[in-house]
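Structure first, then comments.
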There are 2 protein chains.
Amino acid sequence: MGASKTENFTAKQNQIAVIAKAMGHPARIAIIDYLLKVDTCICGDIVNEIKLAQPTISQHLKELKNAGIIKGNISGTAICYCIDEKALQTFQKYFNNLETKLEKKKLNCC
Amino acid sequence: MGASKTENFTAKQNQIAVIAKAMGHPARIAIIDYLLKVDTCICGDIVNEIKLAQPTISQHLKELKNAGIIKGNISGTAICYCIDEKALQTFQKYFNNLETKLEKKKLNCC
DNA sequence: TTATTATATTGCAATATTACGATAAATAAT
DNA sequence: ATTATTTATCGTAATATTGCAATATAATAA
């Protein structure tokens, strides 16, 4: 197969999985880290920062954008990318809830 | 290619990506959700809960285990799976740091 | 207009993932 | 010992991902 059976899961589960999947590659974590590190929004110096070819970086940026983790503004010939908080906040909400539940049932388990 | 160039990234970036990738499938989010919902540790009723074939579930469990998100104890013919907190805590630490940095630079951006 | 610069898209090869049927392995029950 | 139960593994098909060279696109600069 190769395709996930998304229809078997809740909208929330699919949503969280999409965000997590977008973060599931070290290049994309590196891009997020870099966008957080630099104060100004960044475009193509990501290519200099990360040792991957330009089309590969472009593809990773696209996936982060599709997942709602980053957004981009055209500014001249360059495109200024930056973190889009929405998806990350959705994820954080899920994750904090998860950790709260975990603490409540500590030691109930193997 | 199809293989990530992990050597280009830091150990931390690779570690976070591995955990995120393991969470990057709705079935695995559903498994995590289920393990959190039930009070006792769970084995094969995950197969009843999630509409995927047993080998598929087994494979997803293996990936969660490899990422350190769950652990399993043999108990008779069954295997009792439960959440393993370590990886999730590592991830949460990364994520909280990310959100802290984000708040500091609000409005600096596109 | 013709470069130049920055990014995206296309096309492709290598590899990984997802899913499942068939089967194996391991323990428990009869 | 035989049978049932539970989970893992193997093999395989369909699809997705990763990465890059080549090329296209779009905006600015000369």
Side-chain angles (χ1 to χ4, degrees), chain A residues 1-9 13-14 17-31 34-35 40-67 70-82 110, chain B residues 1-9 13-14 17-31 34-35 40-67 70-82 110:
Chain A
M1 299 269 146
S4 302
K5 294 197 153 181
T6 55
E7 68 276 12
N8 289 339
F9 310 102
Q13 286 166 343
N14 282 309
V18 163
I19 300 168
K21 190 176 184 180
M23 294 182 74
H25 191 290
R28 296 194 289 267
I29 295 294
I31 290 171
Y34 188 64
L35 284 173
T40 56
C41 290
I42 248 30
C43 43
D45 11 37
I46 298 173
V47 175
N48 293 353
E49 182 75 8
I50 297 173
K51 285 320 287 164
L52 287 173
Q54 180 269 320
T56 308
I57 298 287
S58 185
Q59 203 173 284
H60 283 305
L61 287 169
K62 195 180 179 183
E63 280 170 67
L64 285 169
K65 198 162 67 179
N66 286 345
I70 65 171
K71 53 189 170 183
N73 280 60
I74 296 169
S75 107
T77 45
I79 292 177
C80 164
Y81 279 111
C82 65
C110 10
Chain B
M1 298 267 145
S4 302
K5 293 198 154 183
T6 55
E7 69 277 10
N8 288 339
F9 310 102
Q13 285 167 342
N14 282 309
V18 163
I19 299 169
K21 190 177 186 180
M23 294 182 74
H25 190 291
R28 296 196 286 270
I29 295 293
I31 289 171
Y34 188 64
L35 284 173
T40 57
C41 291
I42 246 32
C43 43
D45 11 37
I46 299 171
V47 175
N48 292 353
E49 184 74 8
I50 298 173
K51 287 320 287 167
L52 286 174
Q54 179 268 320
T56 308
I57 298 287
S58 185
Q59 205 173 283
H60 283 306
L61 287 169
K62 194 179 176 183
E63 279 171 67
L64 286 169
K65 198 162 65 177
N66 286 344
I70 64 171
K71 53 188 170 182
N73 279 62
I74 297 170
S75 108
T77 45
I79 293 178
C80 166
Y81 279 111
C82 65
C110 8

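Not measured: the values here are computed from a predicted model.
The CD atom of B:E7 sits 15 Å away from the P atom of D:dT18 (whole-angstrom rounding). In this structure, the CD1 atom of A:I74 is 16 Å from the P atom of D:dT25, given to the nearest Å. Between the P atom of D:dT17 and the CE atom of A:M23 lies a distance of 17 Å, rounded to the nearest Å. What separates CG of B:N73 from C1' of D:dA8 is a distance of 17 Å, to the nearest Å. Spacing between atom CG of A:D45 and atom P of C:dT5 amounts to 15 Å, rounded to whole angstrom units. To the nearest angstrom, C1' of C:dA8 lies 13 Å from CD1 of A:I70.
Counting heavy atoms from C-beta on, the side chains of B:P55 and B:Q59 never come closer than 4.5 Å.
Distances shown here put a side-chain N or O of B:S58 below 4.0 Å from the OP1 or OP2 atom of D:dA8. At the phosphate of C:dT17, neither OP1 nor OP2 sits under 4.0 Å from any side-chain N or O atom of B:H60. Of the side-chain N and O atoms in A:T56, none sit less than 4.0 angstrom from OP1 or OP2 of D:dT18. One finds no side-chain N or O of A:Y81 lying less than 4.0 angstrom from the OP1 or OP2 phosphate oxygen of C:dA6. Contact annotation: B:K62 side-chain N/O to D:dT7 OP1/OP2 distance is not under 4.0 Å. For D:dT17, one of the phosphate oxygens OP1 or OP2 lies less than 4.0 angstrom from a side-chain nitrogen or oxygen of A:K21.
Picking from C:dT7, C:dA19, D:dT7 the nucleotide with the shortest atom distance to the side chain of A:K5 gives C:dA19. In the set D:dT7, C:dA8, D:dG19, the nucleotide with an atom closest to the side chain of B:S4 is D:dG19. The side chain of A:P55 sits closest to D:dA21 out of D:dT18, D:dA21, D:dA8. When distances run from any side-chain atom of A:R28 to the nucleotides D:dT18, D:dC20, C:dC20, the shortest one goes to D:dT18. Closest to the B:Q59 side chain, of the nucleotides C:dC20, D:dG19, D:dA8, is C:dC20.
Side chain of B:R28 to backbone of B:A22: a donor-acceptor contact under 3.5 angstrom is found.
Residue A:I57 is out of contact with every strand shown, counting any heavy-atom pair closer than 4.0 Å. Within 4.0 Å (heavy atoms only), A:L52 reaches sugar-phosphate atoms of the nucleic acid but no base atom.
Each of B:E63 and A:T77 was assigned the nucleotide of DNA chain C with the nearest heavy atom; the assignment lying further toward the 5' end belongs to A:T77. Where A:G24 and A:A3 meet DNA chain D, the nucleotide closest to each residue was compared, and A:A3 sits on the side nearer the 5' end. Nearest-nucleotide positions on DNA chain C place A:K65 closer to the 5' end than the other of B:H25 and A:K65.
Interatomic distance, NE2 of A:H25 versus CG of A:L64, reported as 10.5 Å (0.5 Å rounding). Distance OH/B:Y81 to CG/B:L61: 5.0 Å, rounded to 0.5 Å. One finds the CD1 atom of B:I57 at 9.5 Å from the CG atom of B:N48 (value rounded to the nearest 0.5 Å).
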Under the side-chain contact (heavy atoms from CB on, under 4.5 Å) rule, what do B:N8 and A:L52 come out as? Steps first, then yes or no, please.
CA-CA 8 Å; B:N8 288 339; A:L52 287 173; 4.0 Å; yes

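Between the side chain of B:Q54 and the base of D:dA8, a donor-acceptor pair under 3.5 Å is found.
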